[in-house]
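Worksheet: the structure to be examined is printed underneath.
Remember, it's a predicted structure, so these values are computed and weren't measured experimentally. Atom set for the values below is all heavy atoms of this structure, side chains included, hydrogens, waters and symmetry mates excluded. In what follows, chains are A, B, ... by sequence order, proteins preceding strands, each numbered from 1.
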Protein chains: 2
Amino acid sequence: MSKQSLPVVQTEPCCSPLVRQPLTEDWAGDLARMFKALGDPVRLRLLSLVASHAGGEACVCDLSAGFDLTQPTISHHLKVLRETGLLECERRGTWVYYWVVPAALAQLSAVLGSPDVSTAQLGTTAPAVLA
Amino acid sequence: MSKQSLPVVQTEPCCSPLVRQPLTEDWAGDLARMFKALGDPVRLRLLSLVASHAGGEACVCDLSAGFDLTQPTISHHLKVLRETGLLECERRGTWVYYWVVPAALAQLSAVLGSPDVSTAQLGTTAPAVLA
DNA sequence: GCCTTGGTTCGATAAGTGTCAATATCGATT
DNA sequence: AATCGATATTGACACTTATCGAACCAAGGC
């Protein structure tokens with residue numbers, strides 16, 4: 001049998017939700033879908049390309065170049081990022097423009113949190129997640 | 001609150017590396033391997049269970065309970081998290097204990113961006129932000 | 001109307017992944 | 001040494017996914 005449970009010593013709310021308490025099954029499912037979308041080097045680079053592009057958006061023609069992949073494949077990866085809420089897009093004339101959804105990235109970043117302040121040089125920003 | 005501070009706005013430390021410049025192919029590959037490891041709900045819950053366990057570590061017997069999976073499957077997922085550098089483990093007598101590697105989580109969190117993006121500002125789909 | 005260009009969708013296929021049953025290993029106990 | 005309990009590894013199988021070529025749609029320009 002396993003070890004006997006310890007007295008519940010609840011430390012102060014120091015850390016990310018992932019560290020503070022076990023993730024619920026539902027929440028883990030949602031988060032995993034997003035992390036899985038980021039779990040492909042092509043998609044990560046696409047996301048970074050869009051995010052770092054001038055104006056915060058980029059059209060597919062700007063993205064396709066630089067990859068050794070066919071255009072349908074790029075389109076597929078963009079669709080995955082779209083369906084997980086990491087990217088949004090809009091058609092303007094002939095071209096389709098993509099941009100990132102900052103809140104989605106922020107959510108993932110916040111979940112991972114900074115487990116130990118000593119290992120990560122945290123900025124001045126307090127996690128004022130409540131509005 | 002108190003966001004209306006002086007015009008000493010920090011112009012430089014605005015964004016994560018992912019937003020500031022396109023990820024290199026190598027870096028994207030490394031990061032994607034870690035994100036892929038998190039892209040499974042079972043692994044996410046395992047990681048959270050280990051991280052939130054008293055003492056910052058947990059033995060496999062503590063983890064297996066709560067999952068409707070066989071023991072080899074749990075062992076497999078733990079191995080994936082281990083091989084991507086998110087967890088470390090050590091055998092102590094009969095049991096094997098796991099703990100998280102804070103630097104790994106911090107790295108991923110940092111890449112995604114600082115959590116000060118004010119997640120409450122939803123609806124800002126207008127990407128007309130200037131860098 | 002008819003092309004041309006930019007993007008998406010559709011099948012098909014090869015590679016990868018999650019899961020289990022069976023087996024192996026490792027350490028403690030008898 | 002023989003055994004037992006806790007984990008890990010192996011092999012197999014169903015299911016998913018990354019990729020491509022071909023077909024399709026949408027907007028302009030002739």
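You'll find the side chain of L47(A) stays beyond 4.5 Å of the side chain of R43(A), heavy atoms only. Residues L46(A) and Y98(A) have side chains not in contact (no heavy-atom distance under 4.5 Å, counting atoms from C-beta outward). Side chains of L63(A) and L78(A) form a contact here, defined as non-hydrogen atoms less than 4.5 Å apart. At least one side-chain heavy atom of L112(A) sits less than 4.5 Å from a side-chain heavy atom of F35(A).
Between R92(A) and dG6(C), a side-chain N or O to OP1/OP2 separation shorter than 4.0 Å is absent. Close to dT8(C), at under 4.0 Å from its OP1 or OP2, lies a side-chain N or O of S75(A). Within the structure, every side-chain polar atom (N or O) of R91(B) is placed at least 4.0 Å from both OP1 and OP2 of dA8(D). K36(B) has no side-chain polar atom (N or O) that falls below the 4.0 Å cut-off from OP1 or OP2 of dG16(C).
Nucleotide dG7(C) holds its C1' atom 14 Å from the CG atom of D62(A), rounded to whole Å. Summarising the geometry, the separation between CG on L78(A) and P on dG6(C) is reported as 16 Å, rounded to the nearest angstrom. Here dA18(D) presents its P atom at 12 Å from CD1 of I74(A), a figure rounded to the nearest Å. In this entry the distance linking CZ of R45(B) with P of dG18(C) reads 15 Å, nearest Å. Whole-Å rounding puts the W95(B) CH2 to dG5(D) P distance at 13 Å. In this structure, the NZ atom of K79(A) is 10 Å from the C1' atom of dC10(C), given to the nearest Å. Rounded to an integer number of Å, the gap from Y98(B) OH to dA6(D) P is 16 Å. A straight line from CZ of R82(B) to C1' of dT9(D) spans 11 Å, rounded to a whole angstrom.
Note on Y97(A): nothing from the nucleic acid sits closer than 4.0 angstrom, heavy atoms only. Among the heavy atoms of the strands, none lies under 4.0 Å from F67(B).
Shown here for A37(B) and V80(B), the closest heavy-atom pair between the two residues is CB-CG1, 4.1 Å. Of all the heavy atoms in C89(A) and R82(A), the pair that sits closest is SG-CD, 3.4 Å.
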Between the protein and nucleotides 19-23 of chain C, list the N/O to N/O atom pairs that are separated by less than 3.5 angstrom.
| unit_1 | atom_1 | unit_2 | atom_2 | d |
| --- | --- | --- | --- | --- |
| dT19(C) | OP2 | H77(B) | NE2 | 2.5 |
| dC20(C) | OP2 | T70(B) | N | 3.0 |
| dC20(C) | OP2 | T70(B) | OG1 | 3.0 |
| dC20(C) | OP2 | T73(B) | OG1 | 2.8 |

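Shown here is E90(A), whose CD atom has more than 12 heavy atoms of other residues, nucleotides or ligands within 6.0 Å.
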